[in-house]
Amino acid sequence: MENNAKPRVRFAPSPTGPLHIGGLRTALFNYLFAKHHGGDFLLRIEDTDQTRYVPGAEEYILEALDWCGIKIDEGPREGGTHAPYRQSERKALYAGYAQQLIDSGNAYYAFDTNEELDAFRLSAELKGETFTYNNATRNGLKNSLSMTDSQLQHALQSDSHHVVRFKMPENVVVEEVDLIRGHVQFNTNQLDDKVLFKSDGMPTYHLANVVDDHLMEITHVIRGEEWLPSMPLHILLYKAFGWKDTMPQFSHLPLILKPVGKGKLSKRDGDQMGFPVFPLAWKDPETGDISRGYREDGYLPDGLINMLSLLGWNPGTEQEIFSMEQLIESFSLDRVGKSGSRFDPEKTKWFNHQYLIKHSDQELATLFLPFLESKGMQVPFELVVRVCGLVKERCHFVNEVWEQGFFFFQSPTSYDEKMVSKRWKDGVPEMMAEIAEFFGTVENWSAPQIKEPFSLLVTEKGWNFGTVMNSLRLCLVGGSFGPDIFEICEIIGREETVARIGRAVRIIAVVG
RNA sequence: GGUCUGUUCAUCUAAGGGUUAGGAUUCAAGAUUUUCAUUCUUGCCAUAGGGGUUCGAAUCCCCUACAGACUACCA
């Protein structure tokens with residue numbers, strides 16, 4: 001840090017829908033940076049576009065950050081010394097700042113209608129050019145720079161819809177050091193006179209963002225790369241307001257790209273390839289469409305965060321598993337890369353497995369219980385704990401406990417065809433019946449107590465171990481998977497074990 | 001089209017002029033598990049291309065190619 005002050009950073013999403021994992025990573029990096037330097041992380045809701053407001057989106061953002069363990073120091077829910085934290089509630093503030101820019105000659109009124117501007121864009125496009133509202137064109141357009149005073153007064157009073165545009169200076173080179181990208185520069189001739197204040201009385205992103213970052217004493221702006229092109233405008237705004245001295249430092253994060261193909265990661269990719277792009281499931285209030293979420297798909301927040309942290313950042317060591325505390329400890333902006341990273345759903349899976357086996361059996365059982373309940377099953381907690389301990393090594397997701405261990409809670413409903421044709425041959429049903437009989441004679445019903453005499457029996461009868469074990473497994477779980485067979489016997493109990501064998505013998509047809 | 005940004009194994013990445021270019025994921029093979037998964041071992045695989053600068057370049061410079069972002073009264 002150049003200054004000694006504790007950094008203040010903000011995550012400033014628009015409540016236009018669920019938070020995307022790209023946005024989540026931006027929030028994460030802001031949070032890690034702030035906490036690493038002992039600073040504050042603020043949440044500001046940028047809801048200046050009323051037409052795009054989606055109910056529930058703000059609550060979603062809060063819930064997602066909570067789930068991920070990203071703690072907000074100041075925000076609409078938490079409050080703080082710089083409230084309010086919703087731009088819609090700060091509406092009254094912005095007009096004065098727009099006026100300030102007009103008075104200082106840095107901005108002007110513009111009266112062009114959308115239709116007029118569209119026409120200009122269209123005709124420029126036909127000539128293979130791009131229409132830009134700037135120093136070269138603004139004198140030929142309807143604005144306070146091209147009008148006489150009386151025309152202006154008339155236009156202002158006749159209630160015509162107007163906007164305020166920034167007066168982009170001519171041929172000025174704007175230079176700045178981006179903490180991630182280094183020195184970057186732009187020539188203002190390539191930029192346009194952006195609208196700062198809309199005809200509906202709301203500021204645009206650019207004005208609101210700069211004003212609020214200044215007022216909220218933000219020291220570092222860490223945002224996605226898509227904002228890099230508007231950095232010169234923002235810098236010029238700070239200058240125009242006379243806030244250059246306290247201007248925040250900028251960092252533009254590389255984007256998260258599609259796993260395959262071109263472009264940045266989108267909701268569509270997740271739908272097509274079968275992985276979530278949102279931390280939490282989301283139901284679109286208009287269409288009713290449901291998008292899956294990491295939480296509902298059985299991912300653990302620590303794993304998601306860990307995976308996200310390594311997308312575009314690395315610690316410079318070979319460590320890969322990081323708790324949030326360790327991330328805070330190791331994070332630094334100068335180890336953030338410049339190029340976009342492809343999202344890899346496979347690696348996300350691997351991370352999740354790492355965290356799944358780290359969790360205690362009790363914790364995992366607690367997470368799995370709601371899933372069991374959603375299936376209408378009432379299972380003693382102790383049993384769930386035991387099952388989790390037995391199957392967690394073979395799971396990638398919390399939900400997978402069911403796939404890997406459903407047979408602890410209910411009889412198999414079908415038998416794997418491949419296993420049947422491979423194992424269920426002549427003589428096997430009889431063999432199973434003898435085993436069922438034998439189980440009835442076992443004294444102490446526990447895995448080790450069953451195993452020993454069972455092995456003796458198999459040897460005595462001269463049976464093939466592979467056939468016996470696999471056929472028995474088929475009877476008990478319905479296929480060729482699951483933990484130790486005697487553990488299964490112990491847990492489901494003698495009665496159920498015998499019953500399952502009987503049922504299999506009755507149902508499965510012997511194959512040639 | 002214009003502006004800006006970027007380019008190391010299939011993927012995430014390390015190597016701040018000198019290493020057989022390292023690790024992780026995926027994939028493949030073997031071992032373990034009388035099942036499946038896990039785990040372990042081994043293997044495959046990269047400096048976009050072309051010019052410079054230098055004793056020496058993944059690293060510095062230039063060109064080309066490719067990729068991405070932006071180009072709204074959206075953020």
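Treat the numbers as computed from the prediction; the structure is a model and nothing was measured. Heavy atoms only: backbone and side chains are in, while hydrogens, waters and symmetry mates are out. Throughout, protein chains are lettered first and strands after them, A, B, ... in sequence-line order, and every chain is numbered starting at 1.
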Q: Please round to the nearest 0.5 Å and tell me the distance separating atom CZ of A:Arg90 and atom OH of A:Tyr85.
A: 8.0 Å
Q: Would you mind classifying the nucleic acid contact of A:Arg473 as base, sugar-phosphate or nothing, using non-hydrogen atoms under 4.0 angstrom?
A: base
Q: Using a cut-off of strictly less than 4.0 Å, decide whether A:Lys347 has a side-chain nitrogen or oxygen near OP1 or OP2 of B:A10.
A: no
Q: In the strands shown, is B:A46 matched to any nucleotide by a Watson-Crick or G-U wobble pair with both distances under 3.5 Å, and which?
A: none
Q: Whether A:Thr48 contacts B:A75 is assessed here as follows: a side-chain N or O lying under 4.0 Å from the phosphate OP1 or OP2. Is that the case?
A: yes
Q: Could you identify the nucleotide paired to B:A14, looking across every strand shown and requiring Watson-Crick or G-U wobble geometry with both distances under 3.5 Å?
A: none
Q: So A:Val195, base contact, sugar-phosphate only, or nothing? Heavy-atom distance under 4.0 Å.
A: sugar-phosphate
Q: Look through every strand shown and name the nucleotide pairing with B:G68 as Watson-Crick or G-U wobble, where both distances are under 3.5 Å.
A: B:C4
Q: Regarding A:Asn352 and A:Tyr294, do their side chains bring together a donor and an acceptor under 3.5 Å, going by distance alone?
A: no
Q: Looking for any heavy atom pair under 4.0 Å, which part of the strands does A:His252 touch: base, sugar-phosphate only, or nothing?
A: nothing
Q: So what does A:Asp112 hit on the nucleic acid, given a heavy-atom distance under 4.0 Å: a base, only sugar-phosphate, or nothing?
A: base
Q: Hey, is the side chain of A:Thr130 pairing donor to acceptor with the base of B:G2 inside 3.5 Å?
A: no
Q: Any donor-acceptor pair, under 3.5 Å, between the side chain of A:Lys264 and the base of B:A69, if you only look at N and O atoms?
A: no
Q: Using a 4.0 Å heavy-atom cut-off across all strands, classify A:Gly337 as base, sugar-phosphate, or nothing.
A: nothing
Q: Side chain of A:Asp344 only, please: which of B:U5, B:A72, B:U25 is the nearest?
A: B:U25
Q: Select base, sugar-phosphate, or nothing to describe what A:Lys262 touches, counting heavy atoms under 4.0 Å on all strands.
A: sugar-phosphate
Q: Just to be sure I understand the rule, does A:Ser199 reach a base, reach only the sugar-phosphate, or reach nothing, if contact means heavy atoms closer than 4.0 Å?
A: base
Q: Show the distances under 3.5 angstrom between N or O atoms of the protein and N or O atoms of nucleotides 42-46 of chain B.
A:
none

Q: Between A:Arg181 and A:Pro483, which is nearer to the 5' end of RNA chain B once each is assigned its nearest nucleotide?
A: A:Arg181
Q: Base, sugar-phosphate or nothing for A:Asn209? Non-hydrogen atoms, less than 4.0 Å.
A: nothing
Q: Which nucleotide in the set B:A75, B:G23, B:G6 lies at the smallest distance from any side-chain heavy atom of A:Glu320?
A: B:G23
Q: What's the closest nucleotide to the side chain of A:Leu255 if the choices are B:C4, B:A69, B:G23?
A: B:A69
Q: So what does A:Gly263 touch, heavy atoms closer than 4.0 Å: a base, only the sugar-phosphate, or nothing?
A: sugar-phosphate
Q: Give me the one residue out of A:Arg223, A:Glu225, A:Glu226 that meets side chain to side chain donor-acceptor pair (under 3.5 Å) with A:His252.
A: A:Arg223
Q: Any base atoms under 4.0 Å from A:Val477, or only sugar-phosphate, or nothing? Heavy atoms, all strands.
A: nothing
Q: Give one of base, sugar-phosphate or nothing for A:Ser339, where a contact means two heavy atoms less than 4.0 Å apart.
A: sugar-phosphate
Q: May I have the list of side-chain donor-acceptor pairs in residues 333-341 of chain A shorter than 3.5 Å, sequence neighbours left out?
A:
{"residue": "A:Asp334", "atom": "OD1", "partner": "A:Ser332", "partner atom": "OG", "Å": "2.8"}
{"residue": "A:Arg335", "atom": "NE", "partner": "A:Asn314", "partner atom": "O", "Å": "3.1"}
{"residue": "A:Arg335", "atom": "NH2", "partner": "A:Asn314", "partner atom": "OD1", "Å": "3.2"}

Q: Would you mind pulling out the nucleotide paired to B:C60, Watson-Crick or G-U wobble, both distances under 3.5 Å?
A: B:G52
Q: Has A:Asn314 got a side-chain N or O lying under 4.0 Å from the OP1 or OP2 atom of B:A14?
A: yes
Q: Rounded to the nearest 0.5 Å, what separation is found between the CD atom of A:Gln410 and the CD1 atom of A:Ile492?
A: 12.0 Å
Q: Would one find a side-chain N or O of A:Arg335 under 4.0 angstrom from OP1 or OP2 of B:A15?
A: yes
Q: Are A:Lys349 and B:U26 close enough that a side-chain N or O sits under 4.0 Å from OP1 or OP2?
A: no
Q: Determine which nucleotide pairs with B:G30, using a 3.5 Å limit on both distances of a Watson-Crick or G-U wobble pair.
A: B:C40
Q: Looking at B:C70, B:U25, B:U39, which one has an atom nearest to any side-chain atom of A:Gln354?
A: B:U39
